Enquirer: 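Quick one: structure below, then a few questions.
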Amino acid sequence: MLSTSIRSHLAGALRTGDAGTRVTLGGWVHRSRNLGGIVFLDLRDRGGLVQLSFGPAWAAPEVIAAAAAVGVESVVLIEGTVVARSAETRNADMDTGEIEVHAVSLRVLSPAVTPAIPVARGKGEKLPAEELRLRHRYLDLRRPELQAALVLRHRLLQVTRRFLSDRGYLELETPILTKPTPEGARDYLVPSRVHPGEFYALPQSPQIYKQLFMVCGFDRYFQIARCFRDEDLRADRQPEFTQIDIEASFVGQEDILALAESLIGSLWREGGADAPEHFERMTYADAMEQYGSDRPDLRYGLEIRDCSDVFRGLDFGITTSALAAGGRVRGIVLPGAGAWSRKQVDELEALAKGAGAGGLLRLKKTEGKFDGPTAKFLTPEAEAALPLEDGALMLLVAAPDHVSNPALDRVRQECAQRLGLVHEGDRRFLIVTDFPMFERDPVTGTLGAVHHPFTAPKAEDMAAWPDEPHRWRATAYDVVLNGLELGGGSIRTHDAAVQSRMFELLGIGDVEEQERRFGFLLEGLRAGAPPHGGIAFGFDRITMLLSGATSLRDVIAFPKTTAARALFEGAPTVVPAEDLRQLHIRPDVK
């Protein structure tokens with residue numbers, strides 16, 4: 001009930017069982033309606049909305065006049081009696097629609113100026129522009145939709161804590177001011193005033209510290225961790241974010257994945273949805289071959305086909321050049337799309353080019369005949385080998401896999417939408433395993449860690465190809481839902497010598513350099529480290545999916561824009577020159 005010395009009930013919590021109860025309510029005026037003699041106010045608090053009625057049969061004239069004069073978003077305190085509405089006056093759109101409060105007193109605790117953006121919205125009324133909403137976030141956060149999202153966020157946090165605590169995990173905290181370490185993105189740096197010229201970094205993740213907890217013998221750790229990454233933003237990315245961070249000792253991959261499936265199931269049930277007990281599995285290699293993505297959306301088919309052998313030997317310069325350079329000819333078949341216009345297919349080609357491809361090869365089949373710019377290069381044998389039925393369209397990319405994969409992935413997603421194959425109620429959870437340990441830079445040829453440098457390579461791969469690390473697979477895994485990555489993790493390297501070798505392969509071969517950058521981790525591993533591993537989930541994204549929001553900004557109280565600006569607070573901002581001097585930073589350097 002959340003009663004206090006000032007209010008007796010939450011307005012949005014009242015129901016028919018409260019009829020006849022005398023209540024004192026406090027909240028914000030959501031809407032006002034003056035019907036000439038009777039004034040109605042919708043009162044809003046954290047619990048929701050309730051209708052207040054000010055009528056001459058129960059309220060004094062001065063109270064009715066005060067109700068008619070009060071402005072929306074003003075904070076008021078009222079007293080009255082809960083009354084059941086008649087059948088014809090009930091409001092099915094409100095949780096409290098079967099009752100109203102006959103108010104007998106009204107006190108304006110805080111009059112509000114005309115709000116810069118409306119909080120109340122009528123059916124079909126559009127929201128103000130997002131930048132305007134973020135600038136006036138104190139009003140935007142009053143909207144019931146955002147309040148419901150943040151209440152759900154709270155509930156999901158509590159479920160997470162109970163779930164992991166019940167399984168013996170300890171909630172331990174790691175430093176926010178820490179040492180810069182390469183983890184895949186740029187660090188946010190914090191200058192030290194007391195140590196001139198030296199900097200802390202805000203953590204991209206608690207990765208090294210949670211491994212050190214395992215070295216210390218804490219066995220099972222979790223944290224609702226704040227993380228910071230200075231990288232280009234998207235609608236589903238923020239410079240500061242929250243993750244559910246988990247690590248455990250004496251575990252293998254299946255231990256972590258079983259925990260992950262169970263935790264996700266608990267969170268989805270709390271969000272009013274279902275998740276299967278066990279998720280589908282797929283290797284990274286199969287995911288890339290069939291879908292061009294390591295986080296494929298399995299709600300629809302449209303798998304990628306390798307047609308390299310069909311085009312090999314044809315007198316077609318584009319495919320001949322691509323195959324000679326070590327590339328392949330791969331594409332997707334779109335049943336029923338043969339009638340799409342050239343303009344529609346040109347739009348798809350623009351998407352492929354935006355993803356890095358040189359273009360799309362097009363083929364369609366109508367009444368047994370092939371058509372399209374590529375058709376004239378086909379031999380009868382090639383036509384017979386192509387997997388096209390009548391009325392289908394095939395779109396292909398002739399290129400190396402690192403070019404064709406993202407292009408076909410993007411085209412596949414768009415085609416699924418156009419063909420009506422995506423059903424929002426469907427949920428296809430997937431665990432992707434056996435990621436490559438390293439990837440080569442296509443320009444420099446140097447190795448980079450696919451996940452991070454602390455992931456353990458598979459022992460059998462190291463033994464089979466000791467001098468070919470590009471062939472090693474990582475003991476790493478991601479959890480995916482409908483093409484979105486929910487989280488990922490790995491079994492870690494717990495042997496200091498192996499970890500040092502990983503650094504060497506990544507170009508950090510100098511022992512002094514390793515000690516300078518990672519000495520505190522290596523020192524801990526040398527002291528005796530158990531086998532350990534873990535996983536981290538993007539908590540903001542999980543909340544976004546379960547709340548039905550379309551942007552991370554709708555589930556974070558005070559988010560940043562895609563330009564990494566906080567419009568309400570006005571951050572980042574210029575700092576006075578004297579403050580910079582105290583931090584040993586020259587204010588004239590940009």
Side-chain angles (χ1 to χ4, degrees), residues 276 279-312 319 322-323 327-340 344-345 347-349 351-357 359-365 370 372 374 378 382-436 473 477-485:
F279 301 167
E280 298 176 64
R281 300 288 185 97
M282 183 178 294
T283 65
Y284 170 90
D286 286 344
M288 298 302 292
E289 182 66 22
Q290 296 176 42
Y291 303 103
S293 170
D294 60 3
R295 46 181 176 80
D297 190 338
L298 301 184
R299 289 176 294 178
Y300 46 90
L302 306 185
E303 291 88 349
I304 296 171
R305 316 287 186 93
D306 184 357
C307 297
S308 301
D309 288 342
V310 176
F311 284 87
R312 206 177 305 277
T319 57
L323 292 168
R328 294 194 288 170
V329 183
R330 300 161 72 221
I332 56 175
V333 175
L334 307 171
W340 285 0
Q344 288 175 298
V345 181
E347 292 169 349
L348 295 172
E349 183 167 47
L351 292 176
K353 288 181 176 179
L360 284 177
L361 306 179
R362 315 171 186 194
L363 281 169
K364 60 182 178 179
K365 192 174 184 181
F370 284 83
T374 306
L378 298 178
E383 290 182 351
L386 283 169
L388 250 66
E389 301 291 335
D390 263 3
L393 170 70
M394 190 170 197
L395 301 175
L396 303 114
V397 174
D401 288 359
H402 74 268
V403 173
S404 61
N405 279 334
L408 290 171
D409 172 45
R410 183 68 189 90
V411 170
R412 175 179 177 269
Q413 293 179 51
E414 177 63 24
C415 290
Q417 293 286 348
R418 294 189 182 191
L419 291 169
L421 301 178
V422 181
H423 303 292
E424 295 302 325
D426 292 346
R427 287 184 288 275
R428 294 286 296 274
F429 289 89
L430 174 69
I431 293 174
V432 180
T433 63
D434 294 353
F435 282 80
R473 293 166 299 163
Y477 33 82
D478 280 356
V479 179
V480 176
L481 170 62
N482 295 350
L484 293 173
E485 181 187 334

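Computation of the quantities below employed the complete heavy-atom set of this structure, encompassing side-chain atoms and omitting hydrogens, waters and symmetry-equivalent molecules. All figures in this text were calculated on a predicted structure; none of them were measured in a lab.
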Enquirer: How long is the straight-line distance from CG of Leu378 back to CG of Leu386, given to the nearest 0.5 Å?
Expert: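 Output value for this atom pair is 6.0 Å.
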Enquirer: Check whether any side-chain heavy atom of Arg299 lies under 4.5 Å from a side-chain heavy atom of Glu424, and answer yes or no.
Expert: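 Yes. Closest side-chain heavy atoms under 4.5 Å.
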Enquirer: For a quick test of reading the model, state the closest non-hydrogen atom pair linking Leu419 to Pro335 and the distance between them.
Expert: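 Smallest heavy-atom distance, with atoms named: CD2-O, 3.9 Å.
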Enquirer: Looking at every non-hydrogen atom in both residues, tell me the closest pair between Pro387 and Val333 and how far apart they are.
Expert: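 Looks like O-CG2, 3.7 Å.
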Enquirer: Rounded to the nearest 0.5 Å, what separation is found between the CG atom of Leu421 and the CG atom of Leu334?
Expert: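 Result: 9.0 Å between the selected atoms.
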Enquirer: Run the side-chain contact (heavy atoms from CB on, under 4.5 Å) test on Glu280 and Phe429 for me, step by step, so that the C-alpha distance in whole Å, both residues' side-chain angles and the decisive distance to 0.1 Å come before the verdict.
Expert: CA-CA 6 Å; Glu280 298 176 64; Phe429 289 89; over 6 Å; no
Enquirer: How close do Ala407 and Ala352 get, counting heavy atoms only, and between which atoms?
Expert: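 Looking at all heavy atoms of both residues, the closest pair is CB-O, 3.9 Å.
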Enquirer: Taking the side chain as every heavy atom from C-beta outward, state whether Leu360 and Val397 have any atom pair closer than 4.5 Å.
Expert: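 Yes - at least one pair of side-chain heavy atoms lies under 4.5 Å apart.
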Enquirer: Taking the side chain as every heavy atom from C-beta outward, state whether Leu393 and Leu363 have any pair of such atoms under 4.5 Å apart.
Expert: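 A side-chain contact under 4.5 Å is absent here.
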Enquirer: Could you check if a side-chain atom of Tyr477 sits within less than 4.5 angstrom of a side-chain atom of Val432, using non-hydrogen atoms only?
Expert: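 They are not in side-chain contact.
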Enquirer: Let me confirm one number: the CG-OG1 distance from Leu395 to Thr374, rounded to the nearest 0.5 Å.
Expert: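 Rounded to the nearest 0.5 Å, the CG-OG1 separation comes to 9.5 Å.
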Enquirer: For Pro276, does its backbone N or O pair with a side-chain atom of Arg427 as donor and acceptor, under 3.5 Å?
Expert: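 Here the side-chain-to-backbone pair does not exist.
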Enquirer: Going through the checks in order, is the side-chain contact (heavy atoms from CB on, under 4.5 Å) test met by Tyr300 and Gln417?
Expert: CA-CA 10 Å; Tyr300 46 90; Gln417 293 286 348; over 6 Å; no
Enquirer: Would you say Arg428's side chain and Leu298's backbone share a donor-acceptor pair under 3.5 angstrom?
Expert: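 Side chain of Arg428 to backbone of Leu298: a pair is present.
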Enquirer: Which atom names give the shortest non-hydrogen contact between Glu349 and Arg362, and what distance separates them?
Expert: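 Where Glu349 meets Arg362 most closely, the heavy atoms are OE1-NH2, 2.8 Å.
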Enquirer: What I want to find out is whether Glu289 reaches Arg305 closely enough, with some N-O distance under 4.0 Å, to be called a salt bridge.
Expert: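 Looking at Arg305 together with Glu289, the answer is no, because their closest N to O distance does not fall below 4.0 Å.
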Enquirer: Asn482 side chain to Asp426 main-chain N or O, any donor-acceptor pair under 3.5 Å?
Expert: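 The answer is yes, because a donor-acceptor pair under 3.5 Å joins these two groups.
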Enquirer: Output the distance between atom OG1 (Thr283) and atom CG (Asp294), rounded to the nearest 0.5 Å.
Expert: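 Reported to 0.5 Å precision, the distance equals 11.5 Å.
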Enquirer: Please round to the nearest 0.5 Å and tell me the distance separating atom SG of Cys415 and atom CG of Leu302.
Expert: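 The distance works out to 7.0 Å.
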Enquirer: Is the closest basic N to carboxylate O distance between Arg328 and Asp306 below 4.0 Å?
Expert: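 Salt bridge flag = yes for Asp306 with Arg328.
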Enquirer: Does a side chain donor of either Ser404 or Arg330 reach within less than 3.5 Å of an acceptor in the other side chain?
Expert: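 Looking only at side-chain atoms, Arg330 and Ser404 do form a donor-acceptor pair, the distance falling under 3.5 Å.
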Enquirer: Heavy atoms only: give me the nearest Phe311-Leu396 pair and the separation to one decimal.
Expert: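 Closest heavy-atom pair between Phe311 and Leu396: CE1-CD2, 4.2 Å.
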Enquirer: Indicate the ring-plane relationship of Phe435 and Tyr284, choosing parallel, tilted or perpendicular according to the 30° and 60° boundaries.
Expert: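 Ring orientation, 0 to 90° scale: tilted.
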Enquirer: Would you please test Cys307 and Met394 for side-chain contact (heavy atoms from CB on, under 4.5 Å) and show each step?
Expert: CA-CA 11 Å; Cys307 297; Met394 190 170 197; 3.3 Å; yes
Enquirer: Just by modelled atom types, is the Asp401 backbone N or O under 3.5 Å from a matching donor or acceptor in the Asn405 side chain?
Expert: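 Here the side-chain-to-backbone pair exists.
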Enquirer: Please determine whether side-chain contact (heavy atoms from CB on, under 4.5 Å) holds for the pair Arg412 and Glu303, giving the CA-CA distance in whole Å, both sets of side-chain angles, and the decisive distance to 0.1 Å.
Expert: CA-CA 8 Å; Arg412 175 179 177 269; Glu303 291 88 349; 5.9 Å; no
Enquirer: Please report the closest heavy-atom contact between Tyr291 and Gly301, naming both atoms and the distance.
Expert: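 Closest heavy-atom pair between Tyr291 and Gly301: CE2-O, 4.2 Å.
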Enquirer: Is a donor on one side and an acceptor on the other found under 3.5 Å between the side chain of Lys365 and the backbone of Leu388?
Expert: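 Checking the backbone N and O of Leu388 against the side chain of Lys365, a donor-acceptor pair under 3.5 Å is found.
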Enquirer: Keeping Gln290 on the side-chain end and Ile304 on the backbone end, is there a donor-acceptor pair under 3.5 Å?
Expert: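 The answer is no, because no donor-acceptor pair under 3.5 Å joins these two groups.
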Enquirer: So that I can tick it off, tell me whether Arg312 and Asp309 are bridged by a salt bridge, with the cut-off set at under 4.0 angstrom between side-chain N and carboxylate O.
Expert: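 Looking at Asp309 and Arg312, the cut-off is met.
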Enquirer: How about Asp478 and Arg295: do any of their side-chain heavy atoms sit closer than 4.5 Å?
Expert: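 Not in contact.
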Enquirer: Any donor and acceptor pair, going by atom type alone, linking the side chain of Arg473 with main-chain N or O of Pro436 inside 3.5 Å?
Expert: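 No; zero donor-acceptor contacts below 3.5 Å.
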Enquirer: Find the distance between CZ (Arg410) and OG (Ser293) and round it off to the nearest 0.5 Å.
Expert: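 Atom-to-atom, Arg410:CZ and Ser293:OG are 12.0 Å apart.
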